[in-house]
There are 4 protein chains.
Amino acid sequence: MATTKGEIVEQFRSQSIREAAMRVVSRKGYDHVTVQDIADEAGVAKGTVYLYFKSREDVLEKTMSFSFEEFHILIREAIGRGTTFRERVEQVVQAQIEYFEQQQEFFRLYLAMAEPLGERRLRKHASYRTHIAQLVSMVEMAVENDEVLAQPPERIAIALASVIRDIGLQRMTEKNKRPIAEDIEFVRDFICRGIATPEEKPA
Amino acid sequence: MATTKGEIVEQFRSQSIREAAMRVVSRKGYDHVTVQDIADEAGVAKGTVYLYFKSREDVLEKTMSFSFEEFHILIREAIGRGTTFRERVEQVVQAQIEYFEQQQEFFRLYLAMAEPLGERRLRKHASYRTHIAQLVSMVEMAVENDEVLAQPPERIAIALASVIRDIGLQRMTEKNKRPIAEDIEFVRDFICRGIATPEEKPA
Amino acid sequence: MATTKGEIVEQFRSQSIREAAMRVVSRKGYDHVTVQDIADEAGVAKGTVYLYFKSREDVLEKTMSFSFEEFHILIREAIGRGTTFRERVEQVVQAQIEYFEQQQEFFRLYLAMAEPLGERRLRKHASYRTHIAQLVSMVEMAVENDEVLAQPPERIAIALASVIRDIGLQRMTEKNKRPIAEDIEFVRDFICRGIATPEEKPA
Amino acid sequence: MATTKGEIVEQFRSQSIREAAMRVVSRKGYDHVTVQDIADEAGVAKGTVYLYFKSREDVLEKTMSFSFEEFHILIREAIGRGTTFRERVEQVVQAQIEYFEQQQEFFRLYLAMAEPLGERRLRKHASYRTHIAQLVSMVEMAVENDEVLAQPPERIAIALASVIRDIGLQRMTEKNKRPIAEDIEFVRDFICRGIATPEEKPA
DNA sequence: TATGAATGAGAATTCATTCAT
DNA sequence: GATGAATGAATTCTCATTCAT
């Protein structure tokens with residue numbers, strides 16, 4: 001490997017600035033983070049940020065891309081762990097909610113992502129679309145196996161993502177959290193069989 | 001009535017500024033709207049905005065509250081039109097998606113609302129919580145009638161709201177929109193009976 | 001005239017900012033003037049400068065254009081006052097040196113203009129070229145009347161302008177100035193008959 | 001000699017930084033050159049510049065002094081080559097214009113020098129004054145020999161320098177250059193006998 | 001010696017808010 | 001009441017200078 005010591009240090013600095021950025025974005029929101037905030041959080045001077053990133057936008061963009069990459073890997077693995085659609089949904093729900101709990105900063109970033117306002121929409125959406133695409137292919141597999149009704153898979157993926165997200169959000173704002181297992185079960189069942197009571201089957 | 005002519009004029013001005021604010025927020029996003037933008041859109045001078053509102057934040061906050069009030073009425077009426085839970089869900093989905101299509105500005109405002117970032121969280125949430133509360137009572141009614149499984153009603157309300165929102169958002173970004181009826185049906189069924197194929201009932 | 005009171009005030013403000021800019025440019029040099037300098041000199045807040053000009057560059061550019069316009073008129077009039085080339089040169093020299101003495105700020109601006117460095121070269125040169133063009137046409141007239149040797153007129157114009165400029169500059173840096181009349185005479189004669197003693201004419 | 005090996009290396013480094021500085025000043029202009037520019041051009045690290053010079057200003061100042069020294073020698077030699085004033089002017093004009101053509105970087109530096117703006121004025125003027133002093137003594141010699149009219153010699157020196165400079169500048173901005181010999185002849189004659197046609201001598 | 005990462009003062013620009021007319 | 005000119009705090013980005021390695 002041609003990885004010099006300098007490059008390692010560079011990677012390290014760059015990463016710690018990205019991590020600082022993630023924390024402040026989660027506190028103040030994407031649009032309200034200043035370069036000074038990021039620098040302070042990272043414990044470096046303002047000018048240092050510009051040694052590793054071209055601009056404020058560059059920091060934020062790279063912060064999001066890196067975080068999402070990690071997240072996408074996690075979800076891919078969760079999907080791989082299940083063998084039926086039901087199991088896969090459960091795995092995804094669990095992975096995502098647990099990740100959100102641990103990485104609240106990332107969760108807030110993820111939320112900011114869905115926000116479709118302004119010119120930054122497309123950029124932000126790139127990573128969000130990738131996430132949806134993962135779920136779409138999971139659904140398509142299930143459709144082939146006759147595990148789910150052949151609704152447009154993208155609609156299903158969106159619905160799935162949105163439910164997970166908002167239940168996760170709700171958990172974050174609650175003081176006394178429900179057991180995580182209950183919410184995972186709720187979402188899995190909500191997705192798989194809806195919420196209506198089964199209609200009576202005439203004998 | 002103690003409503004003087006002055007008060008009527010005041011109401012009118014105030015309202016037209018709020019309407020202008022809604023339009024510009026929808027175009028530029030909550031955080032990027034300037035007071036000058038609002039004044040221009042309303043056809044008044046910048047200083048005039050400050051005669052009717054304490055600050056930029058005040059304009060935006062009141063704009064959101066007022067808009068949500070109309071929306072809440074709409075949803076209440078939709079709920080009233082159905083007699084079963086299934087019908088009510090359908091009515092709510094339809095009302096909300098149609099309203100979003102017509103009032104894209106409001107929809108974007110609604111989206112900005114769910115975003116829980118920064119110090120604006122609580123303020124924004126006030127109206128959002130009201131909306132969820134409406135759905136919660138709809139669900140509770142259904143629970144009493146044994147129409148839905150007795151999951152925590154708030155979880156169900158959140159899931160319902162989130163699916164409607166994200167399907168609505170998806171519709172907005174599509175060039176060739178699917179027929180609205182299909183999406184309404186999709187959401188209703190997604191909510192009521194999930195997406196899994198019914199398990200085989202042994203004879 | 002459709003000149004409203006507002007427009008007059010606007011013109012006045014704009015002009016006083018330009019005048020302030022001219023003074024600070026003359027003190028600190030084109031490249032070292034800050035917007036804050038200009039604002040302070042004009043007795044207004046920094047933001048006010050941006051009400052009347054798009055950017056720092058805009059202030060400086062407009063300042064130069066306006067000043068040069070006045071200067072060009074002055075030179076045109078001086079040329080008009082003479083009837084022979086010799087008289088015209090004298091008038092131009094006199095007008096220019098006197099103007100430089102009175103408007104030292106402008107003079108320094110004029111000097112900055114000839115400096116051909118950087119990307120701003122062309123912009124700066126626009127006004128300088130106009131000035132040279134005035135002198136070129138004065139020379140061409142003289143060539144037609146056989147008053148001057150038919151050297152390339154542009155070379156002559158440049159030489160003329162450069163001598164006037166540098167003598168003017170020299171005067172500015174002297175504590176005990178020579179009588180202005182002597183310098184005017186010197187330049188006129190330098191231009192018209194050079195400095196060599198006449199060669200002896202053999203009888 | 002007390003010249004240690006270390007001192008030689010020091011001289012060499014110092015010189016190559018000065019040469020680099022001259023090149024970048026000529027490309028970007030005095031005020032827009034950064035220390036990083038100079039270091040890059042010299043192929044050393046930014047910190048190294050500070051081992052040989054006190055500050056950015058110090059580099060630029062020394063760069064100018066050294067460059068002018070070479071130039072002064074050149075002019076002194078040119079003066080030495082002529083025997084009459086006319087010849088000396090011709091030699092100086094030729095030497096200077098040729099040098100400018102070859103060393104455009106120096107020429108731009110020379111131009112920047114004459115610019116009398118800001119606090120840099122005095123510093124810059126030191127070398128410029130030396131150049132003028134050379135010409136003054138050339139003129140004084142000619143006055144003693146009755147070759148030129150006894151105008152104040154400094155005025156003549158300034159006029160001479162300014163014409164050479166601006167004709168040189170003009171040459172640089174022209175795409176199709178005139179033959180250099182023609183411009184040398186023009187300047188020599190302009191200086192020596194002016195541009196007016198000789199007056200008729202009555203028989 | 002040489003390096004170049006880190007620093008932070010300083011500059012341009014924007015915009016919420018005030019206030020004289 | 002209505003206006004919009006004026007203000008200056010806040011923000012992004014640059015770059016001369018320092019200093020640990």
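Sequence lines set the chain letters: A, B, ... in the order given, protein chains first and strands last, and positions in each chain run from 1. All figures in this text were calculated on a predicted structure; none of them were measured in a lab.
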E41(C) side, atom CD; D37(C) side, atom CG - distance, nearest 0.5 Å: 8.5 Å
Residue pair R13(C)/R56(A) against DNA chain F: nearer the 5' end by closest nucleotide is R13(C)
When rounded to whole Å, the CG to C1' distance for the pair D37(C) and dG10(E) reads 11 Å
Using the criterion of both pairing distances under 3.5 Å for Watson-Crick and G-U wobble pairs, give all stems of 3 or more consecutive pairs involving DNA chain E. E:2-21 with F:2-21
Please name the pair of heavy atoms, one in V25(A) and one in Y30(A), separated by the smallest distance, quoted to 0.1 Å. CG1-N, 3.9 Å
Q36(A) CD - dT7(E) C1' separation (whole Å): 12 Å
To the nearest 0.5 angstrom, please state how far the OG atom of S67(D) sits from the CZ atom of F71(D). 11.0 Å
Test item: side-chain donor near acceptor, E19(D) and Q15(D), under 3.5 Å: yes
Rounded distance in Å - NE2 (H32(B)) to P (dA16(E)): 12 Å
CZ (R18(A)) and CD1 (I38(A)) are apart, to the nearest 0.5 Å, by 12.0 Å
Check: R13(C) side chain, I8(C) main-chain N or O, donor-acceptor pair, under 3.5 Å: no
Residue-level proximity of residues 38-51 of chain B to DNA chain F when a heavy atom falls under 4.0 Å: V44(B), A45(B), K46(B), G47(B), T48(B), L51(B)
Just how far is it from atom CE of M22(A) to atom CD1 of I17(A), taken to the nearest 0.5 Å? 15.0 Å
Can you check the K28(A) NZ to dA10(F) C1' distance for me, whole Å? 11 Å
Quick check: are there more than 12 heavy atoms from other residues, nucleotides or ligands sitting under 6.0 Å from CD of Q36(D)? yes
Which of the following nucleotides, dT17(E), dT1(E), dT13(E), is nearest to the side chain of E10(D)? dT1(E)
Under a 3.5 Å distance rule, please check whether S65(B) uses its side chain to pair with a backbone N or O of E61(B) as donor and acceptor. yes
Take the protein atom CZ of F53(D) and the nucleotide atom C1' of dT18(F), then report the distance between them rounded to whole Å. 18 Å
May I ask you to verify if any side-chain N or O of Y52(A) is less than 4.0 angstrom from the OP1 or OP2 atom of dA6(E)? yes
